[in-house]
Amino acid sequence: MIKRAIFSGTRLKADFHSPINFSTASSTGQPFQSLANLPTCIASLQECAHHKNLTRGKQLHSYMFINGFLYSPLSTTSLINMYSKCNRIADALSVFNASTHDQNVFAYNAIIAGFIANELPKPAFEFYCRMRFAGVVPDKFTFPSVTKACSDILEVLEVRKIHGLLFKFGLEFDLFIGSALVHSYLKFALMEEAQEVFEELPVRDVVLWNAMINGHAQIGQFDMALEVFRGMGEDGVVPSRFTVTGVLSVFSVLGDLNNGKAMHGFVVKMGYDSGVAVLNALIDMYGKCKCVVDALEIFDMMDEKDIVSWNSIICVHEQCGDHDGTLELFDRMLNAGVQPDLVTITTVLPACSHLAALMHGREIHGYMIINGLGKDSYDVYVNNAIMDLYAKCGCMREAHLVFDKMSYKDVASWNIMIMGYGMHGFGNDALDMFSRMIEAQLKPDEVTFVGVLSACSHAGIVSQGHEFLAQMQLKYGVVPTIEHYTCVIDMLGRAGQLEEAYKLVSSMPIEANPVVWRAFLAACRLHGNEPLAEVAAQQIFELEPEHCGSYVLMSNVYGAVGRYEEVLEVRDIMRQQNVRKTPGCSWIELGNGVHVFVTGDRTHPEDYFIYAGLNSLTARVSEHGFVPDV
DNA sequence: CTATTGACTA
């Protein structure tokens, strides 16, 4: 029953006919004249597997068929292996089903490994079950693949079962199985179990050390990863390319440029700088350490770039806030004929969101839909990125559509919706989202409350905003940070409760920063409270004397109350200290391009029409009673 | 006489 249920689907294509063309042997039979015996055939098949030479592999298959070399355990295994390595798992399955597999552990090992190599962990595990069910005794070649399969399908219980079985079969000291077990346990963050397996093994090779180092690195145990790395050195084991990539990822997260550079030196010394993965890890490390130039240098030098190389260099630019650079590189990638994947898209979308380049973002969303990316994978990252794009661009209806379709939502998904509604003035929708989030049993984080509080601020929901600040720590265990206080001060200020806001600035448990003071100052000016405005401006001036904005603020505050002598004084200090006001700029997306406007810049090709339009707009706005603050 | 383990990007 179990067999039928699981394998009925695969049986269909499993009949040993067709994808393999037997006529080739007679037509091109010549090259095989010398292959008089089975070992020679098997050696040739291994060559084919290694070089992914499917054509010659098929020819060998037919030759072996004609000469009666099939149906031996050896030929079966080699053929399955060859087809698997050539990514022809269906053909591998045909060979398996044609063999007398029920007595053959070799065939099972080969087909299980074949599924793993073709990233099909579920069928791999099912074949292991089928093997046990048929009474075939697994050996030391079975367990590494099966352990990997179990961890890939997130069956931690099965990993434990295999661990137990090892003692029964006397395989507990096998290095291959041990490495796979360490890897699997660490994937589930079971550090004690991994440690136990590691320590039980009498001999430790570089693969086992790497499983420990990289496993800890991937679950965020960076100190532990580095400690194991040191242990490996003390043990006299020479780091391999796999060690290097794992350790570099740790230096990358920690922003440890010195050790990263040292590792780069080691890479060159060992000649590891010819591998793509190592170079990708170096790009990432330099990028995270803010050395964009070094990252680019490595990227440009690489003659063999893969999708990870492109994603890494794009990510380097995006994380440095260079959104234009991100989109430029994305364009270069497409022109180079490299297909973007989910990682590319989740990296590029925030650049579109930040530039409010809605059309670019929409195009990418369209690309995803057409290519079925993110359709069967319920990738919360990419869906969040799309929601954020629409939310930041003010398309809340579209953002909500994506949100509703997501089968799995995390805190960020809710935060994006709350922030989006709040940002565009729909305070009540934002608060509604927050209640629904609580109902859905999600635990709000500090970002949630920034969204909630800024929503209250923009919609003028003062009393509730106050309430949230008071309750966030008590009820939800989130300690208010300076950002939260800024939101509330901004909210009180906008509502004209300046005294209240000032009281909060002076009484909050955190030191006020220029952002807080600027929010407060803006409120003072809005409500014409000059004395408090001067206090705020003074504070900003003291905290950031080198910032051009501080001078402008001071001079504006004095200007507003007619203290022109002080205005001149401030301007004088600016001139003396050579402080320049950075020009303001804004941008708009039109058709295929983003048009940037800088204050005082009249170099746009359609300058005349733009300013004519602008003047008529200004006139219409004034007609409606708007008086600009000059 | 086969075969099996470990890596980089959001």
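A, B, ... follow the sequence lines: proteins, then strands. Residue 1 opens every chain.
Rounding to whole angstrom units, CD1 of residue A:I112 and P of B:dT2 are separated by 19 Å. One atom, CZ of A:F242, and another, C1' of B:dC8, lie 11 Å apart when rounded to the nearest Å. Following rounding to the nearest Å, A:L175 (CG) and B:dA3 (C1') show an atom-to-atom distance of 17 Å. Following rounding to the nearest Å, A:M263 (CE) and B:dC8 (P) show an atom-to-atom distance of 13 Å. Note: CG (A:L389) to P (B:dA10) measures 20 Å, nearest angstrom. We find that CD1 of A:I307 is positioned 14 Å from P of B:dT9, with the value rounded to whole Å. Remark: P of B:dA10 and CH2 of A:W310 are 17 Å apart, rounded to the nearest angstrom. The CZ atom of A:F115 sits 15 Å away from the P atom of B:dT4 (whole-angstrom rounding).
Between the side chain of A:D388 and the main chain of A:N384, no donor-acceptor pair closer than 3.5 Å is present. Side chain of A:H216 to backbone of A:M212: a donor-acceptor contact under 3.5 angstrom is found. Panel note: side chain A:T326, backbone A:E318; a donor-acceptor pair is recorded below 3.5 Å.
The side chain of A:Q319 places no N or O atom within less than 4.0 Å of a non-bridging phosphate oxygen (OP1 or OP2) of B:dT9. An OP1 or OP2 oxygen of B:dG6 is reached within less than 4.0 angstrom by a side-chain nitrogen or oxygen of A:K148. For B:dT2, the OP1/OP2 oxygens have no side-chain nitrogen or oxygen of A:K85 closer than 4.0 Å. One finds no side-chain N or O of A:Q218 lying less than 4.0 angstrom from the OP1 or OP2 phosphate oxygen of B:dG6.
Residue-level contact check: A:K305 touches neither bases nor backbone, having no heavy atom under 4.0 Å from any strand. Residue contacts for A:T347: at a heavy-atom cut-off of 4.0 Å it reaches the sugar-phosphate backbone alone, with no base atom in range. Contact annotation for A:Q46: backbone-only contact, meaning every heavy-atom pair under 4.0 Å involves sugar-phosphate atoms and none involves a base. Within the 4.0 angstrom heavy-atom criterion, base atoms lie near A:N109. As judged by a 4.0 angstrom heavy-atom cut-off over every strand, A:S312 is placed among residues touching the sugar-phosphate backbone only.
Counting heavy atoms from C-beta on, the side chains of A:Y185 and A:H163 come closer than 4.5 Å.
The aromatic rings of A:H354 and A:H323 sit parallel, their planes meeting at an angle under 30°, below the 60° perpendicular limit.
Side-chain atoms of A:S240 come within donor-acceptor range of the base of B:dG6, with a qualifying N/O pair under 3.5 Å.
Applying the 5.5 angstrom centroid cut-off and the 30 degree plane-angle cut-off, the aromatic ring of A:F176 is stacked upon the base of B:dT4.
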